[in-house]
K.L.:
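Before I ask anything, let me first share the structure, which is written out below as structure tokens.
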Amino acid sequence: MTRIVAGTVGGRTLQVPAKGTRPTSDRVREALFARLEHLGAVDGARVLDLYAGSGALGIEAVSRGAAHATLVEAARAAVEVCRRNVAALGLAGEVAVVADRAERFTARGAAQPWDLVLLDPPYDVPEKDLAVVLAGLEGSLSPDAVVVVERSARSPEPTWPAGLERFDERAHGETRVWCAQPVTQPSGDALA
């Protein structure tokens with residue numbers, strides 16, 4: 001059973017797709033969001049949840065005070081699950097669901113910058129494909145954005161594009177989480 005850990009819809013359960021997804025465990029989500037809240041990365045944030053699966057990460061962010069989340073998922077069954085979860089929790093005004101591939105969505109850029117980007121790709125997504133998605137985020141992030149990648153503990157560190165720099169890495173059993181932020185120029189100006 002997957003549930004929202006804390007916030008306005010804390011304790012509510014989520015549907016999960018029957019196959020093809022690996023929902024982030026409650027324990028890992030709790031630890032991740034404790035870290036993100038400590039960084040001030042959640043409250044009022046515009047959140048992008050790529051490879052959304054059930055939408056648990058993006059919905060958890062909104063439950064904890066994010067202004068808005070966009071859930072991007074390519075698998076049709078998972079998109080329908082995301083839509084049902086958003087409707088069941090009454091979050092249609094705060095959470096949008098987009099049926100698209102992560103690399104195509106990020107390649108289009110964003111009308112407004114993202115403050116928090118959560119990527120939990122299936123473990124079998126090749127590193128080179130994940131690198132394309134991360135590169136697609138450049139130019140679509142706020143100067144203080146946080147980018148989170150969750151992978152198998154056996155996966156190598158993601159290949160960060162030149163505009164992103166890892167600042168944190170944590171292991172939670174079989175799961176490893178990396179956090180990165182936009183690189184700033186020596187003058188203090190953020191990279192485009």
Side-chain angles (χ1 to χ4, degrees), residues 1-7 9-42 45 47-64 66 69-75 77-79 81-82 85 95 101-103 105-106 114-137 141 145-161 164-181:
M1 177 173 64
T2 297
R3 65 180 180 89
I4 298 301
V5 177
V9 293
R12 302 278 302 270
T13 59
L14 297 176
Q15 293 182 23
V16 296
K19 60 182 180 179
T21 63
R22 173 194 35 77
T24 302
S25 73
D26 291 356
R27 185 177 62 86
V28 172
R29 238 177 317 114
E30 186 170 4
L32 170 62
F33 277 91
R35 178 74 175 134
L36 292 172
E37 287 178 325
H38 175 75
L39 294 169
V42 177
V47 177
L48 176 61
D49 181 357
L50 296 169
Y51 309 97
S54 65
L57 290 176
I59 292 170
E60 183 82 40
V62 167
S63 180
R64 291 174 182 247
T70 298
L71 313 178
V72 178
E73 175 57 56
V79 168
V81 166
C82 284
N85 284 334
V95 181
R101 295 174 55 93
E103 60 271 22
F105 184 85
T106 56
W114 304 110
D115 303 307
L116 175 61
V117 181
L118 306 161
L119 300 98
D120 183 14
Y123 285 169
D124 63 353
V125 168
E127 292 304 315
K128 65 178 177 49
D129 293 354
L130 179 59
V132 169
V133 173
L134 290 169
L137 292 172
L141 300 172
V146 175
V147 177
V148 178
V149 176
E150 179 184 329
R151 300 286 276 167
S152 163
R154 293 178 295 276
S155 298
E157 181 172 349
T159 303
W160 303 106
L164 286 174
E165 179 178 62
R166 176 180 56 85
F167 67 89
D168 194 29
E169 176 182 355
R170 295 179 189 233
H172 306 277
E174 288 298 313
T175 302
R176 185 168 303 274
V177 177
W178 291 271
C179 295
Q181 60 191 12

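Here the structure is a predicted model, which means the values were calculated and not measured. The basis for the numbers below is simple: all heavy atoms, side chains too, and nothing from hydrogens, waters or symmetry mates. One is the number of the first residue; the rest follow in order along the sequence.
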K.L.:
List in chain and number order the residues that pass side-chain hydrogen bond (donor to acceptor under 3.5 Å, both in side chains) with Trp114, two or more places apart in sequence or in another chain; answer none if no residue qualifies.
P.N.:
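Checked Trp114 against side-chain hydrogen bond (donor to acceptor under 3.5 Å, both in side chains); zero matches.
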
K.L.:
In Å, rounded to the nearest 0.5 Å, how long is the span from OG1 of Thr2 to CG of Asp26?
P.N.:
6.5 Å

K.L.:
Quick one: pull up CG in Leu134 and CG in Asp129 and give me the separation to the nearest 0.5 Å.
P.N.:
11.0 Å

K.L.:
Mind checking side-chain hydrogen bond (donor to acceptor under 3.5 Å, both in side chains) for Glu103 and listing every partner two or more places apart, or none if nothing turns up?
P.N.:
Arg101

K.L.:
Give the minimum heavy-atom separation between Tyr51 and Asp120, together with the two atoms involved.
P.N.:
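For Tyr51 and Asp120, the tightest heavy-atom pair comes out as CB-O, 3.5 Å.
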
K.L.:
Can you tell me how far CG of Asp49 sits from OG1 of Thr70, rounded to the nearest 0.5 angstrom?
P.N.:
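Going from OG1 on Thr70 over to CG on Asp49, the span is 9.5 Å.
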
K.L.:
Output the distance between atom CG (Leu119) and atom CG (Leu50), rounded to the nearest 0.5 Å.
P.N.:
4.5 Å

K.L.:
Atom SG of Cys179 and atom CD of Glu165: how far apart are they, to the nearest 0.5 Å?
P.N.:
13.0 Å

K.L.:
For Ala135, give me all partners under side chain to side chain contact (heavy atoms under 4.5 Å, CB included), at least two apart in sequence or on another chain.
P.N.:
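Side chain to side chain contact (heavy atoms under 4.5 Å, CB included) list for Ala135, sorted by chain: Pro161.
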
K.L.:
Can you name the salt bridge (Lys or Arg N to Asp or Glu O under 4.0 Å) partners of Arg170, sequence neighbours left out?
P.N.:
Asp168

K.L.:
What residues form a side-chain hydrogen bond (donor to acceptor under 3.5 Å, both in side chains) with Asn85, not counting sequence neighbours?
P.N.:
none

K.L.:
Can you sort out the partners of Ser25 under side chain to side chain contact (heavy atoms under 4.5 Å, CB included), two or more places apart, ordered by chain and number?
P.N.:
Arg27, Val28

K.L.:
How close do Val81 and Gln15 get, heavy atom to heavy atom, and via which atoms?
P.N.:
CG1-O, 3.3 Å

K.L.:
What residues form a salt bridge (Lys or Arg N to Asp or Glu O under 4.0 Å) with Arg176, not counting sequence neighbours?
P.N.:
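Salt bridge (Lys or Arg N to Asp or Glu O under 4.0 Å) check on Arg176 returns Glu169.
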
K.L.:
Measure the spacing between CG of Leu164 and OG1 of Thr159 and express it to the nearest 0.5 Å.
P.N.:
12.0 Å

K.L.:
Which pairs would a plain distance check flag for residues 52-64, meaning a side-chain donor or acceptor within less than 3.5 Å of a matching protein atom at least two apart in sequence or in another chain?
P.N.:
unit_1: Ser54; atom_1: OG; unit_2: Ala56; atom_2: N; d: 3.4
unit_1: Glu60; atom_1: OE1; unit_2: Val5; atom_2: N; d: 2.8
unit_1: Glu60; atom_1: OE1; unit_2: Arg29; atom_2: NH1; d: 2.9
unit_1: Glu60; atom_1: OE2; unit_2: Val5; atom_2: N; d: 3.4
unit_1: Glu60; atom_1: OE2; unit_2: Ala6; atom_2: N; d: 3.1
unit_1: Glu60; atom_1: OE2; unit_2: Arg64; atom_2: NE; d: 2.8
unit_1: Glu60; atom_1: OE2; unit_2: Arg64; atom_2: NH2; d: 3.2
unit_1: Ser63; atom_1: OG; unit_2: Ala6; atom_2: O; d: 2.6
unit_1: Ser63; atom_1: OG; unit_2: Thr8; atom_2: N; d: 3.1
unit_1: Ser63; atom_1: OG; unit_2: Val9; atom_2: N; d: 3.0
unit_1: Arg64; atom_1: NH1; unit_2: Glu37; atom_2: OE1; d: 3.0

K.L.:
For Asp115, which residues count as a salt bridge (Lys or Arg N to Asp or Glu O under 4.0 Å) partner, sequence neighbours excluded?
P.N.:
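With sequence neighbours excluded, Asp115 shows a salt bridge (Lys or Arg N to Asp or Glu O under 4.0 Å) to no residue whatsoever.
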
K.L.:
Any side-chain heavy atom of Arg35 sitting closer than 4.5 Å to one from Leu39?
P.N.:
yes

K.L.:
Just jot down the side chain to side chain contact (heavy atoms under 4.5 Å, CB included) partners of Pro156, sequence neighbours excluded, or say none.
P.N.:
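Counting only residues at least two positions away or on another chain, Pro156 forms a side chain to side chain contact (heavy atoms under 4.5 Å, CB included) with Glu127.
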
K.L.:
In the structure I gave you, are the side-chain heavy atoms of Tyr123 and Arg154 within less than 4.5 Å of one another anywhere?
P.N.:
no

K.L.:
Please name all residues satisfying side chain to side chain contact (heavy atoms under 4.5 Å, CB included) with Val79, sequence neighbours left out, ordered by chain then number.
P.N.:
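Glu73, Arg83, Val97, Ala99.
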
K.L.:
Nearest heavy-atom pair of Ala41 and Val146: which atoms, and what distance?
P.N.:
CB-CG2, 3.9 Å

K.L.:
Can you list everything that forms a side-chain hydrogen bond (donor to acceptor under 3.5 Å, both in side chains) with Glu157? Sequence neighbours excluded, please.
P.N.:
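In terms of side-chain hydrogen bond (donor to acceptor under 3.5 Å, both in side chains), with neighbours along the sequence ignored, Glu157 is linked to Trp160, Arg166.
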
